[in-house]
Visitor: 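Take a look at this one; I'll ask things after.
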Amino acid sequence: QVQLVESGGGLVQAGGSLRLSCAVSGRTFSLYTVAWFRQAPGKEREFVAAARWAESSTYYADSVKGRFTISRDNSKNAISLQVNSLKPEDTAVYYCAATATLRGYSLTSSYEYWGQGTQVTVSS
């Protein structure tokens, strides 16, 4: 089993920044991909960014490229998401996800482990 705990969400003005963190524990040696998704009220959960656990490859949704950066903190066994130049449309609950299988990194169905989510609210 793998446990994921997110932190770092909050209220920020448009143009501001936040750093979201996901603490990863348990059978981390089995992981292949970790990712961030988000879900706005009344909308489906959508892919934001992903990273291979044991490699340097990263992937981003077009809507966040150039503004968000996913990275792994090896010393803390954590995954971070630096979110810059925030827009009101970035408002959502952000979820950390992980999978031990090789499946499509942008699909919610590919991930068997999920955190509880952290709220990000961007005011205009």
Side-chain angles (χ1 to χ4, degrees):
Q1 291 293 323
V2 173
Q3 294 78 42
L4 307 172
V5 179
E6 303 97 333
S7 61
L11 173 64
V12 64
Q13 289 188 334
S17 299
L18 285 172
R19 187 172 183 86
L20 309 183
S21 184
C22 174
V24 184
S25 61
R27 297 171 60 89
T28 59
F29 62 87
S30 68
L31 294 178
Y32 190 76
T33 306
V34 290
W36 287 92
F37 287 77
R38 66 186 181 186
Q39 188 166 19
K43 295 187 177 182
E44 293 187 353
R45 193 168 297 188
E46 65 174 3
F47 169 75
V48 174
R52 299 302 186 195
W53 185 250
E55 305 171 14
S56 60
S57 299
T58 56
Y59 310 91
Y60 296 93
D62 288 343
S63 59
V64 306
K65 278 181 182 177
R67 299 189 298 124
F68 291 12
T69 303
I70 188 172
S71 60
R72 180 182 172 189
D73 185 336
N74 291 333
S75 63
K76 297 182 180 179
N77 234 18
I79 290 289
S80 296
L81 185 70
Q82 179 68 37
V83 295
N84 299 328
S85 302
L86 282 163
K87 306 174 183 179
E89 51 263 43
D90 293 319
T91 295
V93 177
Y94 283 69
Y95 295 92
C96 180
T99 180
T101 63
L102 176 57
R103 290 182 284 189
Y105 60 79
S106 65
L107 304 176
T108 56
S109 59
S110 297
Y111 295 86
E112 60 268 36
Y113 304 111
W114 290 87
Q116 81 288 353
T118 185
Q119 176 71 47
V120 172
T121 303
V122 184
S123 63
S124 56

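Just so we're clear, the structure is a prediction, and the values are computed from it rather than from any experiment.
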Visitor: Taking atom OH of Tyr60 and atom OH of Tyr105, what is their separation to the nearest 0.5 Å?
Guide: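 That separation rounds to 11.5 Å.
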Visitor: Look at the side-chain heavy atoms of Ile, Leu, Val, Met, Phe, Trp and Tyr, link any pair under 4.5 Å apart, and say whether Val93 and Val12 land in one connected group.
Guide: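 Not linked; separate clusters.
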Visitor: CG/Leu86 to OG/Ser123 distance, rounded to the nearest 0.5 angstrom?
Guide: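 Rounded to the nearest 0.5 Å, the CG-OG separation comes to 10.0 Å.
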Visitor: List the residues meeting salt bridge (charged side-chain N to carboxylate O under 4.0 Å, His left out) with Lys65, not counting sequence neighbours, and say none if there are none.
Guide: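 Result, salt bridge (charged side-chain N to carboxylate O under 4.0 Å, His left out) vs Lys65: Asp62.
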Visitor: With distance as the sole test, does Trp36 use its side chain to make a donor-acceptor pair with the main-chain N or O of Tyr94 at under 3.5 Å?
Guide: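 Here the side-chain-to-backbone pair does not exist.
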Visitor: Once you round to the nearest 0.5 Å, how far does OG of Ser124 lie from CD of Gln13?
Guide: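 With rounding to 0.5 Å, OG (Ser124) is 9.5 Å from CD (Gln13).
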Visitor: Is it true that Val48 and Leu31 fall in one hydrophobic cluster, defined by side-chain heavy atoms closer than 4.5 Å?
Guide: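 Linked, Val48 and Leu31 end up in one cluster.
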Visitor: Minimum heavy-atom separation for Leu4 to Ala98, with atom names?
Guide: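 Closest pair (atom of Leu4, atom of Ala98, distance): CD1-N, 3.8 Å.
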Visitor: Looking at every heavy atom in both Ala78 and Ala23, which two are closest together, and how far apart are they?
Guide: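 What the structure gives for the nearest pair is CB-CA, 4.3 Å.
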Visitor: Once rounded to the nearest 0.5 Å, what's the spacing between atom CG of Leu20 and atom OH of Tyr95?
Guide: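 Spacing of CG (Leu20) from OH (Tyr95) equals 13.0 Å.
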Visitor: Quickly, which of Asp90, Thr118, Val83 forms a side-chain contact (heavy atoms from CB on, under 4.5 Å) with Arg38? Name it, please.
Guide: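 It is Asp90; the other options fail the test.
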Visitor: Under the salt bridge (charged side-chain N to carboxylate O under 4.0 Å, His left out) rule, collect the residues that match up with Glu112, sequence neighbours excluded.
Guide: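 Glu112 satisfies salt bridge (charged side-chain N to carboxylate O under 4.0 Å, His left out) with Arg103 once adjacent residues are dropped.
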Visitor: For Arg45, which residues count as a side chain to side chain donor-acceptor pair (under 3.5 Å) partner, sequence neighbours excluded?
Guide: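 Per chain and number, Arg45 pairs via side chain to side chain donor-acceptor pair (under 3.5 Å) with Gln39.
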Visitor: Can the ring centres of Phe37 and Tyr111 be said to be less than 6.0 Å apart?
Guide: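 Ring centroids of Phe37 and Tyr111 are less than 6.0 Å from each other.
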